[in-house]
Protein chains: 2
Amino acid sequence: MQKRPPRQPLSQQQVTDLLTGHDIQPTQQRLEIAQVLFARDQHLSADDVLKQVNQDTARASKATVYNTLGLFAAKGLIREVIVDPSRVFYDPNTCEHHHFYNVDTGELMDIDADRLALMNLPAPPTGTVADGVDVIIRIRNQATA
Amino acid sequence: MQKRPPRQPLSQQQVTDLLTGHDIQPTQQRLEIAQVLFARDQHLSADDVLKQVNQDTARASKATVYNTLGLFAAKGLIREVIVDPSRVFYDPNTCEHHHFYNVDTGELMDIDADRLALMNLPAPPTGTVADGVDVIIRIRNQATA
DNA sequence: CCAGTTTTTAGACAAAGTCCAGATCACGCG
DNA sequence: CGCGTGATCTGGACTTTGTCTAAAAACTGG
């Protein structure tokens, strides 16, 4: 866990530093992808990223986008959010926090960690170690009965 | 939420009652599928169910299994568990509870609700209503360094 | 500039799940 | 009973997300 990073579009230099700071070689494609991810607080699917990166001109292939998102997640630069059976979301916010997930709209919203307390987290079974806790509050649109 | 149901293999009659009690027409295929789901406390993917149902002789098609699992979940007979990007698990236990998920093995384990307290659940955004809370503790196998 | 490593790429592939149109089944009714 | 109607089931085509592979390109340290 780390401090919530600033969420203004980042300069080329800032993005480069972000990658190198996480032991990631800053290649052209990775920079492009990181730019998209960190442009603002948002939750993008791999396909969203692919489309945005190649919006105007081709900048990265599908394989590279998938590889890069996996790499970023493994290095702790972004976080995978698994709430929708059909696709993974990637969250540039790696601070401890949780999510509302609107099952009607597919919308995903952050919940600050300090707005929700978890007590008595049970210890992981022997032979295993905790890797993270996800709390998802599923919501629906109110029935306009 | 309801009381944890017994988890011994159920009689034909018990399964029928379970379905009718949830407003589900007890057809032959639905009974077969329910038998598999409620045979014991377990977490099965759609494909697991499909295989088990048709183990010896063909009893239900893929489409029916998917439809039926969706129907059961919509009627509150079982619960969808979304922890693995590649497939949905179905949990016959509809009591309030949470999960350990071993990302190395894909194993899914129950955590009784009373072993973990959630405080200060934030209210859903206006226009929406809560539909359920999922808590997933991701675990890894301990490195045998 | 060269050799070796890392990264990127197009496109084939795989797995989970959905959709469809026709066949089948179930049930109330005459 | 036999019928008609609506619900259910089915195989198979299809879609979507994501993975794999083998070769091309780029980058690195000498």
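In this text, all values refer to a predicted model and were calculated from it rather than measured experimentally. Throughout, protein chains are lettered first and strands after them, A, B, ... in sequence-line order, and every chain is numbered starting at 1.
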Q: Under 4.0 Å from OP1 or OP2 of C/dA15: is there any side-chain N or O of B/Arg87 that close?
A: no
Q: When rounded to the nearest 0.5 angstrom, what distance separates CD1 in A/Ile33 from CD in A/Gln52?
A: 12.0 Å
Q: Can you tell which of C/dG17, C/dT7, D/dT10 lies closest to the side chain of B/Ala46?
A: C/dG17
Q: When you match A/Ser61 and B/Gln28 each to their closest nucleotide on DNA chain C, which lands nearer the 5' end?
A: A/Ser61
Q: Calculate the interatomic distance between B/Glu80 atom CD and C/dG17 atom P; express it in whole Å.
A: 9 Å
Q: By nearest nucleotide on DNA chain D, pick out whichever of A/Asn67 and B/Arg59 is the more 5' one.
A: B/Arg59
Q: How close or far is atom C1' of D/dG12 from atom CG of B/Leu50, stated in whole angstroms?
A: 14 Å
Q: Rounded to whole angstroms, how far apart are CG on B/Leu31 and C1' on C/dA26?
A: 14 Å
Q: Whole Å only: how far is the CG atom of B/Asp23 from the P atom of D/dT8?
A: 12 Å
Q: OP1 or OP2 of C/dT9 sitting under 4.0 Å from any side-chain N/O of A/Gln29?
A: yes
Q: Kindly say whether B/Asp114 contributes a backbone atom to a donor-acceptor pair with the side chain of B/Asp112 at under 3.5 angstrom?
A: no
Q: Looking just at side-chain N and O atoms, do B/Thr64 and B/Asn67 make a donor-acceptor pair shorter than 3.5 Å?
A: no
Q: Taking atom types as they are modelled, would you say the side chain of B/Lys62 forms a donor-acceptor pair with the base of D/dG12 within the 3.5 Å cutoff?
A: no
Q: Taking only Lys NZ, Arg NE, NH1 and NH2, and the carboxylate oxygens of Asp or Glu, determine whether B/Asp23 and B/Lys75 approach each other closer than 4.0 Å.
A: no
Q: Considering heavy-atom distances to DNA chain D, does A/Asp47 or A/Ala63 have its closest nucleotide positioned more toward the 5' end?
A: A/Asp47
Q: So does A/Tyr66 get a side-chain nitrogen or oxygen closer than 4.0 Å to the phosphate oxygens (OP1/OP2) of D/dT19?
A: no
Q: Under 4.0 Å: is that the gap between some side-chain N or O of B/Ser86 and OP1 or OP2 of C/dA15?
A: no
Q: To the nearest Å, give me how far apart CD1 (A/Ile24) and P (C/dT6) are.
A: 16 Å
Q: Does B/Thr27 place a side-chain N or O at less than 4.0 Å from the phosphate oxygens OP1/OP2 of D/dC9?
A: yes
Q: If we count only N and O atoms by modelled type, under 3.5 Å, do the side chains of A/His43 and A/Asp48 hold a donor and an acceptor together?
A: no
Q: Please report the distance, rounded to the nearest Å, between CZ in B/Arg30 and C1' in C/dA26.
A: 12 Å
Q: Would you kindly give the CG-to-P distance between B/Leu71 and D/dA7, to the nearest whole Å?
A: 13 Å
Q: Taking atom C1' of C/dG28 as reference, at what distance in whole Å does atom CD of B/Gln25 sit?
A: 13 Å
